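Supplied in C-alpha cells, the structure appears directly below.
As the structure is a computational prediction, the values presented were derived from the model and not from experiment.
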Amino acid sequence: MRMPLLAVLRRAVLGTGIVVGVLGVAPGAEAQELRDAYHQAPRDTVSQEVYDGWKQFNLNCARCHGEDVLGTTIAPHLIMSLKPDGPINTKELFMQTVCAGRPEKGMPAWCALGMEIPTIEKIYSYVKARSDAKVAPGRPAVKREG
C-alpha cells in the first residue's frame with residue numbers, strides 16, 4: 001500500500017525532530033524557550049504595582065480608554081492627558097478624576113462603584129508609565145525579586 005506524500009513528509013520531519021532533539025541536548029546546555037508570532041515574550045518587566053495597574057486598567061478602564069491606554073471613540077487616550085502640559089498632569093488630579101468621575105462626559109465615579117484608592121494608585125502607576133514611555137504597548141512581565 002502506498003503512503004501519501006504528506007504522511008511520508010510528516011514522519012520524516014517528526015523523526016528528524018526527535019533525533020535532533022535528543023542529539024541537540026548536551027549536558028549543562030540551557031534550553032531556549034519556544035516563541036512564535038502569537039506567543040511573544042513580554043518586552044517590558046515592571047514592578048508588581050505597575051503590573052497590577054495594567055490588570056486593573058484592562059478590567060475597568062480599557063473598554064472606554066482603549067487597550068494600551070490608546071483611547072477609543074468613547075474616551076480619550078490618557079498618554080497625552082498625563083503629560084506635564086496635559087489636562088490631568090498630577091497624580092492628585094488623576095486620583096480625583098477617577099474617584100469622582102466625569103458624569104457629564106459619561107465617566108462613572110469609580111469610588112462610588114467600590115473601587116478603592118490603592119487600586120486607583122496602581123492604575124495611575126501603569127498609565128503614568130505608559131505616558132512616560134517607560135512601558136511599551138502589550139502585556140508587561142513582573143520583575144522577579146531577588
State the SG-CH2 distance between C61 and W110, to the nearest 0.5 angstrom.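 Reported value, rounded in 0.5 Å steps: 6.5 Å.
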Testing the basics here: between Y124 and L82, what is the closest heavy-atom pair and its distance to 0.1 Å?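 In this case the closest contact between Y124 and L82 is CE1-CD2, 3.7 Å.
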Give the minimum heavy-atom separation between L93 and P87, together with the two atoms involved.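 Taking L93 first and P87 second, the nearest heavy atoms are CD2-O, 3.1 Å.
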According to salt bridge (charged side-chain N to carboxylate O under 4.0 Å, His left out), does anything in residues 111-132 pair up with another residue at least two apart or in another chain? List the pairs.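 For residues 111-132: D52-K122, K128-D132.
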So with a 6.0 Å cut-off around NZ of K134, is the heavy-atom count from everything else above 12?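 No, because the 6.0 Å sphere around NZ of K134 holds 12 heavy atoms or fewer from other groups.
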For D68 and Y126, which heavy atoms make the closest approach, and how far apart are they?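 What the structure gives for the nearest pair is CA-OH, 3.8 Å.
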Taking the side chain as every heavy atom from C-beta outward, state whether K83 and S131 have any atom pair closer than 4.5 Å.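 The answer is yes; the side chains approach within 4.5 Å.
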Taking all non-hydrogen atoms of both residues, which atom of I123 and which atom of Q56 are closest, and how far apart?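 So the two residues come closest at CG1-CB, 3.6 Å.
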Looking at R63 and L59, would you say the former's side chain and the latter's main chain have a donor-acceptor pair under 3.5 Å?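 Yes.
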Is the closest side-chain heavy-atom distance between N89 and P84 below 4.5 Å?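 Contact flag for N89/P84 side chains = no.
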Identify the heavy atoms of A109 and A100 that sit nearest to each other, and give their distance.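 Smallest interatomic distance, heavy atoms only, reads CB-O, 3.1 Å.
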Test side-chain contact (heavy atoms from CB on, under 4.5 Å) applied to T72 and H65, step by step: CA-CA 6 Å; T72 66; H65 289 283; over 6 Å; no
Verdict with reasoning, C111 to I120, per side-chain contact (heavy atoms from CB on, under 4.5 Å): CA-CA 9 Å; C111 287; I120 299 171; 3.8 Å; yes
Test L70 against I79 for side-chain contact (heavy atoms from CB on, under 4.5 Å), laying out the working first. CA-CA 7 Å; L70 295 175; I79 291 175; 3.7 Å; yes
side-chain contact (heavy atoms from CB on, under 4.5 Å) assessment of L113 paired with M115: CA-CA 6 Å; L113 294 172; M115 186 178 285; 6.0 Å; no
After noting the C-alpha distance and the side-chain angles of W54 and Y51, does the key distance pass the ring pair (Phe, Tyr, Trp, His ring centres under 6.0 Å) rule? CA-CA 5 Å; W54 172 83; Y51 183 76; 5.5 Å; yes
For the OG1 atom of T97 and the CZ atom of R102, what is their distance to the nearest 0.5 Å?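 One gets 5.0 Å once the value is rounded to the nearest 0.5 Å.
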Are M107 and I117 grouped together when hydrophobic residues (ILVMFWY) are joined by side-chain heavy atoms under 4.5 angstrom apart?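 Yes, because M107 and I117 connect within a single hydrophobic cluster, where side-chain heavy atoms sit under 4.5 Å apart.
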